[in-house]
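I have placed the structure first, in the form of structure tokens, so that the comments after it can refer back to it.
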Amino acid sequence: VCKALPVAKSGGPAVRYVVNAPIDAFVIGGLSFAVYLVFRLVPSTQSAALIGTISPLLVWGVSYPHFFSTSNRLYGSPTLRRHYPMTALVTPIIFLVGALASFASPGTVAPAFVKLYQLWSPYHFSGQTLGLTLLYARRGSLPIDRTLRRFLTAAIYSTFVYTTARAERAGVEGRFFGVTYPSLNLPSAIITIAKLGVWISVAALVGHLLVRQRRQLARLPWIVLLPMATQFVWFTTAPMPVYRNLVFFFHSLQYLYVAWSLQLHQRLDATGKTPSQRFVWDESARWMAVNIVGGFALFWALPYVGRLSGQTIGFSTAVIFVAIQTHHFFVDGVIWRLRSAGARSPMLSTLDEVSGRSPSDLAVAPS
Amino acid sequence: MNGILVGVLVIGGLALAAVIGLFVIANQRLQRRLPQSRHAMTALATVGLIIGFALWAALVGGADQLTGTVLFVLAIAIFRLMNHFEPPPGDDQPAPSLIKERPRSPL
């Protein structure tokens, strides 16, 4: 993939960011931090009316397109379908069976199906956070050895355990559209242990980074730690229901940002066009339009198909959403591995390479 | 009732682990012919998790604290397992081996 593309010199400032430092910082974590601070400092901004006004824009313009972009990437590529026949062909059947069983058994299977989604979702977010951390480390030519990777993984996933434990505490009943599901009823001691786990893993990571610094090993650039810091704000701060609803948007925005960069590079390689700003605008508009239309098909049309079963639209929406999103979680865990050369090469490239700017920073990649 | 539930979950978990183990064995032997079999194990683990939750919902409509804690740990373990069994394309690393292959005779 991208053999013919020029790529920026490895490890320099030209490749450290997808676009540039301010925009990467804004998308990966800056927006999450800014909204959090505004909500905390000015509580009146957490109004349901305001969120009700902007949420359709965020959901239909960002969140749902991000789900479709995964499916589009997998099923639109014969190469990926050949690489992952089980993921491409078998997992949709499994989740379809889960959806059909939920329609057949709304009181028993459907709550379990939703519960699976509720548990998997923050785990999936953590996977993306770790992926972004490793991606930016590679972009900075920073070697992540096994020990550092373990500390990073522990710190990131400890927040998943903590937020899940908090959500599954005793006496809390959840509702996802038209499906009500009970909690795992975890004792408060588990939440305390999970919280302790977060502190210990963070302390261990900080200690390890200080030891690295004393040994004069390469210092982690701030952008490498930004995804993790962002997830800490999402998962470990005092709960704010309105903010929690926006976390899906922040996560989707991060995803679309990286997927957009990958799409531009692969499309340029496939079409053989000349890198230019015109190409970037045209291809970005085309790709987003496809994802938005696909998002409507998945998240608006399919629930109405499910309603033909005789269930309410709320119930159908819950089951269809769970089926689509869990399939997305599964596929995402497969197609974005940095160990895959097909995904790694364009993911380490920059916008300048497809827009034709800053040719002095670029070198021709060996084929 | 709680003891029975925990027993069912533990036995179910062990049975699932045994099935996954069998797949791993099959994977070791058939790896060259069937490199994608680890995905089947991932799918199997997912199905196991869905069945586990269905069992929970069917029997109690909500978990008591001990059952919930067991399910919580089981869910985290299965998610980790799924990561473990997903190889990227071009990954020429062998699958994690649970069986030591016998050294072959040079003859």
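For the numbers below, each heavy atom of this structure counts, side chains included, while hydrogens, waters and symmetry mates do not. The chains referred to below are lettered A, B, ... by the order of the sequence lines, with proteins before strands, and numbering in each begins at 1.
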Legend entry - Which atoms of A:Ala101 approach chain B - backbone, side chain, both or neither, heavy atom under 4.5 Å: neither
Legend entry - Which portion of A:Phe329 sits near chain B, non-hydrogen atoms under 4.5 angstrom: neither
Legend entry - Nearest-0.5 Å distance, OG1 of residue B:Thr69 to CG of residue A:Leu186: 5.0 Å
Legend entry - side chain to side chain donor-acceptor pair (under 3.5 Å) against A:Thr129, all qualifying residues, sequence neighbours excluded: A:Gln231
Inset, instruction - For A:Arg150, look at atom CZ and say whether over 12 heavy atoms of other residues, nucleotides or ligands are found less than 6.0 Å away. - result: no
Inset, instruction - Kindly check if the number of other-residue, nucleotide or ligand heavy atoms within 6.0 Å of CZ (A:Arg149) is above 12? - result: no
Inset, instruction - Test side chain to side chain contact (heavy atoms under 4.5 Å, CB included) on B:Phe72 and A:Val161 and set out the steps. - result: CA-CA 9 Å; B:Phe72 182 58; A:Val161 174; 3.9 Å; yes
Legend entry - Residues forming a side chain to side chain contact (heavy atoms under 4.5 Å, CB included) with A:Ala137, sequence neighbours excluded: A:Leu142, A:Ile144, A:Val224
Inset, instruction - Show the numbers, then the answer: is there a side chain to side chain contact (heavy atoms under 4.5 Å, CB included) between A:Phe160 and B:Ile76? - result: CA-CA 10 Å; A:Phe160 149 71; B:Ile76 293 170; 3.9 Å; yes
